[in-house]
Every structure is written in structure tokens, then in C-alpha cells.
Amino acid sequence: MKIIVDTAGCDNPQKMIAGAVAAAKLNPKYALALVGDGDKIRGAIGNAVPDNIVIEHAPDIITNDDSPTHALRQKPNSSLVRSFDLLNADDAIGLVSGGSTGAVLTGATLLVKRLPGVMRPVLTSLMPTAIEGKAVCIADCGANVDSKPEFLAQFAVMASVYVKVMYGIENPAVALLSVGTEDKKGDERTKAAHALLKTAPVNFVGNMEARDTLSGLYDVVVSDGFAGNVLLKSTEGTAKMVMGKLKEALLSSFTSKLGALLMKKSLKKLKTAMDYHAYGGGAFLGVKKLVVKTHGSANETATKASIANIIKMHENRILDGIAGGIASAVGNNSDGAAQ
């Protein structure tokens, strides 16, 4: 079984390559295909290339300035197009890429294709919560900025399967992002989605306000891609600001520095818990192969975690779970329509 790693298009290919090499050593029964400039990949790895790593030369790069659809057609020698070619082979199970988000998601949808019954694939993101060891899944966080209520209902189904696979939660609590917890709050799309989620095959617990995202009360937060992306980035920005201010306060005087020294172990634990790199990239659910989109700034930790996530999803047959969940949701809708 092979996992494809698109090493180009991200901010620091060397860090991504280092993470892939570390993952290859930890998972010897899986082959890793590192795609990008062959000379740069070999230079980053050095002489000790693990036996389960193959290097696929693809010198061109699709950038964030390129039109995704146009670039996928006009840059056949790009690392991303070559990665999708490899991903469509029978022995390939998944792809990790830190390249252009638009190109990755467009390529996955057009070249890999959707699972049967899936209206729109969903981009997810895992975030830490106030409960130690518990994460919350945001779905969608940017793939579908204009979503119909029916799309949101399917996002909930797919994200619930994802959380179950990743964390072993049998009945994930699903909330709908809105401007209030009351059933009637929100725009017309949110109200319609709320009605659909009540009959969907998920553990829908109602509307949720953005301030409660990290409370630990919810396992999945469903949203259209526009609001979900704003939620994700505003939360990340707030966390970054708070951590920066905390560091500034701890280094502001001799007394605070002494306190920081005494708190060193606790502060290190807090930093680790807040490190989004440890969760890996966002899983793009609803297509026929496993696709994980990492941050452009992905480091060794994020790359290694993304590869580990693909292996976990594959070994737990997540594609079968999503296909079954979507089929069940369609059946529920048909029953409801018949009534």
C-alpha cells in the first residue's frame, strides 16, 4: 500500500520531506512516494533513503496564484498533478499535500471523483478543546463557501464517521454553527439545515454559538465553508495572540521569569496541547481516496501526523463507513419524502 506525499507547493519542502522520512521509518509496511523536484528531495534526505520511500520527479509547481482548474490541465509535470496520477493507481491509499488548497480540493473532486451519493466533499479540521485529549472537528472549513442545507446534513454524516474512526467515539455529538442555540436562530439556510439534521443518522444536539467551539461539549461542528473558515482562522489567530501575550507577560520582569521557570513543565504541556501541527492536516472527506490537506507551513510534526492519520483511516475502512453513512442518510430522506 502506497501513500503519496506532494512535497512541493508548501512553504518549506525540507520540513515536509523530513516528516515523511520519519513516518516511513515508523511504518515500514507502507510505501511512501515523495513527489517534487527529485534532486531537492534526494538532497534533503541524504544517502540514507529508507527502503519504503520512492522519489517521483515532478519539477513544476502549482502556486496559490494559479487558477486551480487551469493549472491542473496546463501543468502535467507539476507535483500535484503527478501526485493525483499516482493516487489513482490501485495500490495507492492516500495523498498528503501542503500545496494550493484550491488546486488540491479541485483535483481531488475532478480527478479522484466523489463517493456515490456525496453531493459535495467536505474539508475538515481538528482543533483542541478545553477537555484534555479531546478535539473538535470543524466541517466545512473552506471547501464549500456556498452550501445548500442538504450539503450540511451530509457534512455531519461524513464528519461523524471521521471522528468515530480517529477517536473511537461511538456517537459523536454534532452541533450546527449559528448565532444562537435556539432552534429558530440563524439565516434561512441554517434553519433548513437544522430541520434536516434532526432526521439525519447522526447525534444532532442542536445549534451552537461560535464561543462554545472549544468547550469540549461537541465532537463535530457543522457549517458552510465560509463561516467555518472564518471560525477556524479567528480561533487560531486568537490562540496565537493569547500565547504571545502570555510569553510577553512571563518575560516582563525578574519575578515573572522566576514564576515561568517554576511553571516550565506546565507551560510546555500547554504549548503542546495548543500546537495545531500535532493534529495533522485537514481530511477532505467524500472522495474515493484519502486526501489530507496540510497547512502551507506544515512542519515535520504535521506531515508525520497527516501520514499517520491516513494510515488510521485506511485501516479502519473510513471510506466504507462514509459510503454507508451517506446511503443511510439518503434512505432516511427518501422515507421522509414518502411520508
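Contact of the Thr213 side chain with the Val136 side chain is registered, since non-hydrogen atoms from C-beta on lie closer than 4.5 Å. At least one side-chain heavy atom of Val81 sits less than 4.5 Å from a side-chain heavy atom of Ser78. For the pair Val291 and Val287, the minimum side-chain heavy-atom distance is below 4.5 Å. Side-chain contact between Asp224 and Asn144 is absent, with no heavy-atom pair separated by less than 4.5 Å. With a 4.5 Å cut-off on side-chain heavy atoms, Met127 and Ile138 count as touching. Counting heavy atoms from C-beta on, the side chains of Ile3 and Leu95 never come closer than 4.5 Å. When side chains are defined from C-beta on, Ile55 counts as touching Arg42, because their heavy atoms get closer than 4.5 Å. Two residues are said to be in side-chain contact when any heavy atoms from C-beta on lie closer than 4.5 Å; Val118 and Gln154 meet this criterion.
The structure places OG of Ser79 at 6.0 Å from CD1 of Ile61, a figure rounded to the nearest 0.5 Å. Rounding to the nearest 0.5 angstrom, the gap separating the CD1 atom in Ile41 from the CE atom in Met16 is 11.0 Å. With values rounded to the nearest 0.5 angstrom, Asp219 atom CG is found 4.0 Å from Lys134 atom NZ.
Residues Phe155 and Leu115 fall within the same hydrophobic cluster, defined by Ile, Leu, Val, Met, Phe, Trp and Tyr side chains chained together at heavy-atom separations under 4.5 Å. No continuous path of ILVMFWY side-chain contacts below 4.5 Å connects Leu319 to Leu87, so the two sit in separate hydrophobic clusters. Under a hydrophobic clustering in which Ile, Leu, Val, Met, Phe, Trp and Tyr are joined whenever their side-chain heavy atoms come within less than 4.5 Å, directly or via other members, Met158 and Leu105 fall into different clusters. Grouping the Ile, Leu, Val, Met, Phe, Trp and Tyr side chains by contacts below 4.5 angstrom, directly or via other members, places Tyr162 with Ile307.
Between the side chains of Thr235 and Thr238, not a single donor N or O lies within less than 3.5 Å of an accepting N or O. Thr181 and Asn207 form no side-chain donor-acceptor contact under 3.5 Å, judged by distance and modelled atom types alone.
Judged purely by atom type and a 3.5 angstrom limit, His57 uses its side chain to pair as donor or acceptor with the backbone of Gly38.
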### Chi angles and distances behind the side chain to side chain contact (heavy atoms under 4.5 Å, CB included) call for Lys198, Phe204
CA-CA 6 Å; Lys198 288 174 71 174; Phe204 181 53; 3.9 Å; yes
### Task
Take Val35 and Val5 through the side chain to side chain contact (heavy atoms under 4.5 Å, CB included) test and state the conclusion after the steps.
CA-CA 6 Å; Val35 187; Val5 183; over 6 Å; no
### Message
Run the salt bridge (charged side-chain N to carboxylate O under 4.0 Å, His left out) test on Glu315 and Lys29 for me, step by step, so that the C-alpha distance in whole Å, both residues' side-chain angles and the decisive distance to 0.1 Å come before the verdict.
### Response
CA-CA 12 Å; Glu315 293 183 348; Lys29 71 176 183 178; 3.6 Å; yes
### Task
Go through Arg82 and Glu56 one step at a time and tell me if the salt bridge (charged side-chain N to carboxylate O under 4.0 Å, His left out) criterion holds.
CA-CA 8 Å; Arg82 180 60 182 144; Glu56 296 285 346; 3.2 Å; yes
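Only one option out of Val174, Asn203, Val222 pairs with Ser160 in a side-chain contact (heavy atoms from CB on, under 4.5 Å); it is Val174. The side-chain contact (heavy atoms from CB on, under 4.5 Å) test with Leu32 singles out one residue from Asn27, Ile53, Val96, and that residue is Ile53.
With respect to the salt-bridge test (charged N to carboxylate O, under 4.0 angstrom), the residues Arg211 and Glu209 qualify. The pair Glu188-Lys191 meets the salt-bridge criterion, since a charged nitrogen lies less than 4.0 angstrom from a carboxylate oxygen.
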